[in-house]
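Each remark here refers to the structure printed beneath this line.
Letters A, B, ... are given to chains in the order of the sequence lines, protein chains preceding strands, and every chain is numbered from 1. Just so it is clear, the model here is predicted, and its values are computed rather than measured.
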Amino acid sequence: MMTYRNHPISIIYFKVKIFSLIQFAIFLFLSIEVAVEELSPKIDNKIIIGMLVIIFSIIVILLFRTLVWYKTTYTLSDNSIVWNKQTFLYVKNNAIKREFIASIHSTKPLFLRMTNIAVVSITTSTGVGDKHNSIDLVLSQERFQEIENYFYTDIIENGEKIANIVSYKYNLIQAIEFFIIDQFFVNFLAIVYIFVDIFLEKDLNYSWVVAILIPSFITGMKTFLKTANLATDFDVSAQKVKISYGVANKIEFNFNIDDIKVVRVEHYKLINKYNVEVEIVGLDSFDNDVKTASMIITLLCNKKRVNEVLEMIGYKYDDYTVCNQSRIKVIPHVISYFFILLLAFVIINVLKFFSLFNFYAISIIIFVLSVLLILHVFEIVAVLKSNKFMYNNYILRVDTGFFKKESRIVKFHNIEDTNMYENIINKKTNTKSLSINNFSVTVLPSVLLMKYFKKDDIEKLNNFIDNKFSKKSDIE
Amino acid sequence: MRSKYIKIYTFIRLLFLIVLCGILAFVLIKYSSLSITAYAISGTAAIFFVIFFYNLAKIKVYEYKITPDNIYVYKGILTKHTLTIPIRRIQHVSYHQNIIERKSELASVVIVNGGAVQTIKYVNVEKAKEFSEYIITMLNRYIENDDL
């Protein structure tokens, strides 16, 4: 058992957004200036007084943080990591049992990179109450290595890792391609707008183009900066995966293959390229920017690579030789959208009944809803027709989308819960819907949603999953 | 025990409705003409009564079943849901009581599995205790038999 403290640099490492810090400083500075003006208008050097007060507050905060740093320790033992934080207000004690560690995630922000220091987060596979199930540490490279070794004990033999690691690295061109594809829809809209403007009005309105393109560019750049240095190492014998990425902030994820809940494969049909993402419970607590619990493991690769990668993590993409299949019933889905429109009309009429103002806003809402409905009907008829699910004895795959086909693959023994439901449309059209893994903490992606499939097929699948729950699942 | 809950629920919701309509009537009579007041009060009352009866019906159709392997929850009026939670996947279980539940000796059982929280409502306190103990016993049995 060894007890350590965070690296002393954690005293000055403020985990706050830089813009809010600047805003706060300006606010503080202006408040001090106004206060000095009111108290003693004769004093000329208000700026100096203001600066002194700010410096004094910083010193107080630093002293406070030094005390917290001194009182905060973490202990590595054979069975668990225990983290103990003490402040004036509270004492916080987190213990994570070793076998429940879902992943270790390290971030090296730009300004900390020179000092060879990393911010490390260790989380459990429980998705509930992320704040209570994660430990944040600021460590030097050596200490980080120790933690990593602690996590990787299984694969360390005589101080050397077993040489069974398969690595994939991605180059700049792939990252640029991904940026273009990721923002394809917005860019496409901008191009259409430019053409319409040039040919119909003969007068290009640049402000609109800029308004469309700039947000797209910023989002794209964010994705680009994240994926530019993407590298994935698979250690098949030890069942571990290590993903590192990022240009400004170097980020590294370590997790167990067993903790993967769902695999998502995106197929860009226009260029015939695939992205593979994995979803792990608790992943969203690592990175504030990542709102979903998914992590890209391969980027814009061909089908052969997808099969290779999935095989390494124990999944299959193509091989469903002995399987049950079912396709969506499109008509009930279309009817469901008409119901939404009907509901909107009812709400509008209620509003009309109760209010006395003019109804320009309501007519706009009706117009927008009609457009959305028409778009949805097109989407449903053309796109949802390709929705299907297939399963064999131990794996289930749900396909959605047409131009960008998305397949979610889950092993039966990773299913946390199921929710089979039937609404009025379902009843009339002899269909049913089923959703799997209704995680409330991770944001949406882990849910496998099968809407408006044949009733018999859904019931058969649900019974099949029920039977799988009642005995230890077959793991191939 | 559910009928007891329904009685308490009905009483509290009706009281809430009467107080709300009273406040609305007071505000509207004081600040606006009479015709709008009549419309507003009747409209609000109608909406609240619909919501009230809908919730009441929701409690009526709410059912749960526990087997050695799974917990089943049946709920919903317009959309019928069948929720299945495998006991093997449960990470922890607890039961909670709010003020209404405390007065009526009822509790909500909270089941946590990897990432999700499921609440089974309107359960008798004794049943809730039994429920949690049963789940823990089953989980221990699975661990002993290495069957998780």
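One distance of note links CD1 of A/I458 with CE of A/M420; it measures 8.5 Å at 0.5 Å rounding.
Under the rule for a side chain to side chain donor-acceptor pair (under 3.5 Å), the partners of B/S108 that lie at least two apart in sequence or sit in another chain are B/E101. The salt bridge (charged side-chain N to carboxylate O under 4.0 Å, His left out) test applied to A/E406 returns A/R408, not counting sequence neighbours.
Crowding of A/K460 atom NZ: a count of heavy atoms from other residues, nucleotides or ligands under 6.0 Å not exceeding 12.
Top candidate by heavy-atom pairs under 4.5 Å with chain B, chosen from A/N462, A/I415, A/T418, A/I424, is A/T418. Counting heavy-atom pairs closer than 4.5 Å to chain A, the top residue among B/I85, B/I90, B/L78 is B/L78. Per-residue heavy-atom pair counts under 4.5 Å with chain B were compared for A/N423, A/N419, A/L434, A/N426, and the maximum is reached by A/N419.
For A/K432, no part sits under 4.5 Å from any heavy atom of chain B, backbone or side chain. For A/I465, no part sits under 4.5 Å from any heavy atom of chain B, backbone or side chain.
Judged purely by atom type and a 3.5 angstrom limit, B/N124 uses its side chain to pair as donor or acceptor with the backbone of B/E126.
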